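Predicted model, so just to flag it, every value in this text is computed and none were measured. Atoms considered below: every heavy atom in the structure, side chains included; atoms not considered: hydrogens, waters and symmetry mates.
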Amino acid sequence: MNKNTKKLVVSAVMLALATVLSLLKIWKMPWGGSVTLFSMLPIIVVGYMYGTRWGLLTAFTYSLLQMLLGITFSQSFAGLEGWDVFFMAAFDYVVAFTVLGLGGVFRKCCKNGLVALLLGAALAVLLRFAAHWASGAILWGSYAEWFFTDPEAFTAVAPELCSSVMNSFSGTGLACIYSLVYNGCYMIPELIIHLAGCAVIYAVKPLRELIAGKAPKKSEDAPAA
């Protein structure tokens with residue numbers, strides 16, 4: 001198998017794995033968003049293995065798959081019209097998942113492979129967080145007052161925080177805080193989980209050598225080819 005064919009096969013397998021893992025939800029938010037079982041890690045690893053350009057291309061493909069899943073299973077675009085559909089597709093899917101391809105952006109400038117992988121993963125996940133935050137503030141900011149005042153919403157979890165937010169912000173500021181809090185409820189756990197996943201991968205020598213592009217060493221007792 002030549003180098004390009006191997007890259008295509010590995011990327012396809014990683015895309016399939018990431019898609020399956022995205023369906024394994026540890027915790028699901030009531031109005032969109034969830035904590036998953038390492039669903040972004042395969043895409044981040046592709047970016048680390050094959051570079052930013054290939055990583056972004058793979059991640060863009062992943063974003064389209066996630067959009068298809070969103071339309072099929074969660075009716076993500078229900079109730080949206082016109083430009084709102086565009087903003088939803090752009091921020092919550094294309095941008096949010098394409099940035100995962102930046103997992104290897106620090107590999108060439110950081111000598112420590114683990115640190116490079118952790119920094120790349122952190123940047124990718126935080127940029128996804130930023131994309132969801134922008135979408136939430138633009139599309140769903142009108143729900144901010146309800147979110148911070150209704151007993152059946154976030155008020156039941158943190159009443160003092162909600163009271164403080166309502167006394168300090170209004171309008172666009174309130175919408176931005178709402179999106180930050182709501183999306184942070186699942187993206188911060190996702191960040192922690194994926195950083196832990198990166199650390200585990202790097203701690204296992206065969207996996208570390210695989211993502212670093214090193215061929216596994218032959219055992220001295222192994223028969224010659």
Side-chain angles (χ1 to χ4, degrees), residues 7-8 10-29 31-78 80 84-107 117-140 179-180 182-198 201 211:
K7 185 162 67 171
L8 281 170
V10 170
S11 299
V13 170
M14 290 297 206
L15 274 169
L17 179 59
T19 302
V20 171
L21 290 174
S22 72
L23 301 175
L24 303 178
K25 295 176 172 56
I26 299 172
W27 179 49
K28 188 175 181 179
M29 294 287 287
W31 304 287
S34 57
V35 179
T36 62
L37 193 63
F38 306 111
S39 64
M40 297 180 280
L41 193 54
I43 308 303
I44 291 170
V45 167
V46 168
Y48 186 86
M49 291 175 67
Y50 299 124
T52 300
R53 185 175 298 178
W54 186 264
L56 289 173
L57 177 61
T58 304
F60 174 71
T61 305
Y62 183 58
S63 76
L64 299 182
L65 291 173
Q66 286 299 304
M67 192 186 304
L68 180 61
L69 289 174
I71 295 171
T72 305
F73 295 109
S74 64
Q75 298 182 332
S76 298
F77 294 90
L80 297 179
D84 288 348
V85 175
F86 169 79
F87 280 117
M88 179 79 169
F91 287 100
D92 274 323
Y93 289 101
V94 176
V95 174
F97 291 101
T98 298
V99 294
L100 300 179
L102 296 173
V105 73
F106 294 104
R107 184 172 179 180
L117 180 59
L118 289 173
L119 287 175
L123 176 64
V125 176
L126 288 173
L127 286 175
R128 180 187 163 187
F129 184 6
H132 290 312
W133 168 80
S135 174
I138 293 170
L139 297 178
W140 314 112
S179 185
L180 185 69
Y182 182 87
N183 288 293
C185 285
Y186 68 95
M187 286 307 303
I188 292 175
E190 282 274 73
L191 174 62
I192 296 169
I193 288 171
H194 283 77
L195 290 180
C198 290
I201 285 177
I211 68 171

Participant: Could you go through the side-chain contact (heavy atoms from CB on, under 4.5 Å) check for Tyr93 and Leu64 one step at a time?
Facilitator: CA-CA 7 Å; Tyr93 289 101; Leu64 299 182; over 6 Å; no
Participant: Tell me every residue that passes side chain to side chain contact (heavy atoms under 4.5 Å, CB included) with Val85, counting only those two or more places apart in sequence or in another chain.
Facilitator: Phe77, Leu80
Participant: When you look at Tyr186 and His132, which way does the side-chain contact (heavy atoms from CB on, under 4.5 Å) test go after all the steps?
Facilitator: CA-CA 11 Å; Tyr186 68 95; His132 290 312; 3.6 Å; yes
Participant: Output all residues satisfying side-chain hydrogen bond (donor to acceptor under 3.5 Å, both in side chains) with Ser63, sequence neighbours left out; order by chain, then residue number.
Facilitator: none
Participant: Can you list everything that forms a side-chain hydrogen bond (donor to acceptor under 3.5 Å, both in side chains) with Ser135? Sequence neighbours excluded, please.
Facilitator: Asp92
Participant: Where do Phe129 and Leu180 come nearest, in terms of heavy atoms and distance?
Facilitator: CZ-O, 3.8 Å
Participant: Does any pair with a residue in residues 14-26 pass side-chain hydrogen bond (donor to acceptor under 3.5 Å, both in side chains), and if so which ones, sequence neighbours excluded?
Facilitator: Ser22-Gln66
Participant: Pairs of donor and acceptor atoms involving the side chains of residues 37-53, under 3.5 Å and at least two apart or interchain, shall be tabulated with distances.
Facilitator:
| residue | atom | partner | partner atom | Å |
| --- | --- | --- | --- | --- |
| Ser39 | OG | Thr36 | OG1 | 2.6 |
| Tyr48 | OH | Gly113 | O | 3.3 |

Participant: Kindly write out the residues that satisfy ring-ring contact (aromatic ring centres under 6.0 Å, His included) with Trp31, not counting sequence neighbours, or none if the list is empty.
Facilitator: Trp146
Participant: Please identify each residue that fulfils side chain to side chain contact (heavy atoms under 4.5 Å, CB included) with Ala130, with sequence neighbours left out.
Facilitator: none
Participant: Can you see which heavy atom on Ser179 is nearest to which on Trp133, and at what distance?
Facilitator: OG-O, 2.6 Å
Participant: Which residues satisfy the side-chain hydrogen bond (donor to acceptor under 3.5 Å, both in side chains) test with Thr61, sequence neighbours excluded?
Facilitator: none
Participant: Under the side chain to side chain contact (heavy atoms under 4.5 Å, CB included) test, which residues partner Leu23, sequence neighbours left out?
Facilitator: Leu69
Participant: With salt bridge (Lys or Arg N to Asp or Glu O under 4.0 Å) as the rule and sequence neighbours excluded, what pairs involving residues 62-72 come up?
Facilitator: none
Participant: Do you know which two heavy atoms are closest between Ala122 and Leu191, and how far apart they sit?
Facilitator: CA-CD1, 3.9 Å
Participant: What pairs of residues pass the salt bridge (Lys or Arg N to Asp or Glu O under 4.0 Å) test when at least one of them lies in residues 118-132, not counting sequence neighbours?
Facilitator: Arg128-Glu190
Participant: Output all residues satisfying side chain to side chain contact (heavy atoms under 4.5 Å, CB included) with Ala131, sequence neighbours left out; order by chain, then residue number.
Facilitator: Val95, Ala96
